[in-house]
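Note that the coordinates shown come from a computational prediction; the quantities given were computed from them, not determined experimentally. All ligand and atom numbering here is 1-based and tracks the order in the structure.
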Amino acid sequence: MKVKIINKSKHDLPKYSTALSAGMDLRANINERVMLQPLERTLIPTGLFIELPAGYEAQIRPRSGMALKEGITVLNTPGTIDADYRGEIRVILANLSNSMVEINDGDRICQMIVAAHATVEWEAVEELEETVRAAGGFGHTGKE
Ligand SMILES: O=c1ccn([C@H]2C[C@H](O)[C@@H](COP(=O)(O)OP(=O)(O)OP(=O)(O)O)O2)c(=O)[nH]1
């Protein structure tokens with residue numbers, strides 16, 4: 001499927017040629033580098049604007065390398081970009097390490113995937129169909 005995208009950032013669309021794969025890395029589009037202190041969070045602009053068809057969302061996810069090497073995650077992962085959102089895509093980065101991390105302009109800070117979602121009409125009822133699990137959850141079957 002084709003999705004319209006406006007690139008107002010200083011950077012080429014990252015990995016555009018391979019964007020048919022699941023994740024497209026997004027780059028920070030910032031004028032000054034950001035110093036993220038331990039446990040600090042910040043909102044990073046990307047300069048990207050997209051127009052998704054109804055029934056789809058974009059999800060903003062952390063990059064595993066940044067998570068493992070630097071302790072940087074996307075705080076609200078997976079961030080949701082609604083199909084009717086026309087604003088700039090921005091990314092909430094958080095530093096879960098115990099040292100300061102520098103984010104520079106053009107850094108690949110996260111990845112974005114586009115996913116179909118169900119279109120649900122909630123039907124209010126008094127009872128739900130019975131199952132073996134019933135209300136069991138949160139580890140009620142134990143560890144083994
Ligand atoms: O990581 C994110 C998450 C959201 N958004 C934009 C697109 C999304 O469509 C809109 C609203 O996001 P969300 O529904 O998560 O925010 P909210 O806190 O529920 O705010 P709202 O009341 O605006 O829906 O903000 C981003 O740019 N980056």
Discussion item. Using a 4.0 Å cutoff against the non-hydrogen atoms of Glu88, which atoms of ligand 1 qualify?
Written reply: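 Every atom of ligand 1 under 4.0 Å from some heavy atom of Glu88: 27 (O).
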Worksheet item: Has Lys10 got more than 12 heavy atoms of other residues, nucleotides or ligands less than 6.0 Å from its NZ?
Response: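 Yes, enclosed.
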Worksheet item: Does a sphere of radius 6.0 Å around OH in Tyr56 hold more than 12 heavy atoms from other residues, nucleotides or ligands, not counting ones at 6.0 Å or beyond?
Response: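 Result for OH/Tyr56: open.
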Under 4.0 angstrom from [atom], is there any protein heavy atom?
| atom | answer |
| --- | --- |
| atom 5 (N) of ligand 1 | yes |
| atom 18 (O) of ligand 1 | no |
| atom 23 (O) of ligand 1 | no |
| atom 9 (O) of ligand 1 | yes |

Tell me: protein heavy atom nearest [atom], and distance?
| atom | value |
| --- | --- |
| atom 25 (O) of ligand 1 | Tyr85 CE1, 4.0 Å |
| atom 15 (O) of ligand 1 | Thr80 O, 4.3 Å |
| atom 27 (O) of ligand 1 | Arg90 N, 3.1 Å |
| atom 1 (O) of ligand 1 | Asn76 ND2, 3.1 Å |

Item to complete: Return the set of residues passing side-chain hydrogen bond (donor to acceptor under 3.5 Å, both in side chains) with Arg33 (not counting sequence neighbours), or none when no residue passes.
Response: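 Scan of Arg33 (side-chain hydrogen bond (donor to acceptor under 3.5 Å, both in side chains), adjacent residues dropped) gives Glu102.
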Worksheet item: Side chain, backbone, both or neither: which part of Asp84 comes within less than 4.0 Å of ligand 1 when only heavy atoms are counted?
Response: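 Neither part.
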Closest approach of [X] and [Y], non-hydrogen atoms and distance?
| X | Y | value |
| --- | --- | --- |
| Ile60 | Val74 | O-CG1, 4.1 Å |
| Ile50 | Arg86 | O-NH1, 3.8 Å |
| Leu75 | Arg41 | CD2-CD, 3.3 Å |
| Asp105 | Asn29 | OD1-CA, 3.5 Å |
| Glu51 | Val3 | O-CG1, 3.4 Å |

Discussion item. Quick test of your reading of the structure: of Ile81, Asp82, Thr46, Ile60, whose heavy atom lies closest to atom 14 (O) of ligand 1?
Written reply: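 When every heavy atom of Ile81, Asp82, Thr46, Ile60 is considered, Asp82 comes closest to atom 14 (O) of ligand 1.
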Worksheet entry | Residue-ligand contact Ile89/ligand 1, heavy atom below 4.0 Å |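 It does, in that a heavy atom of Ile89 comes within the 4.0 Å cut-off of ligand 1.
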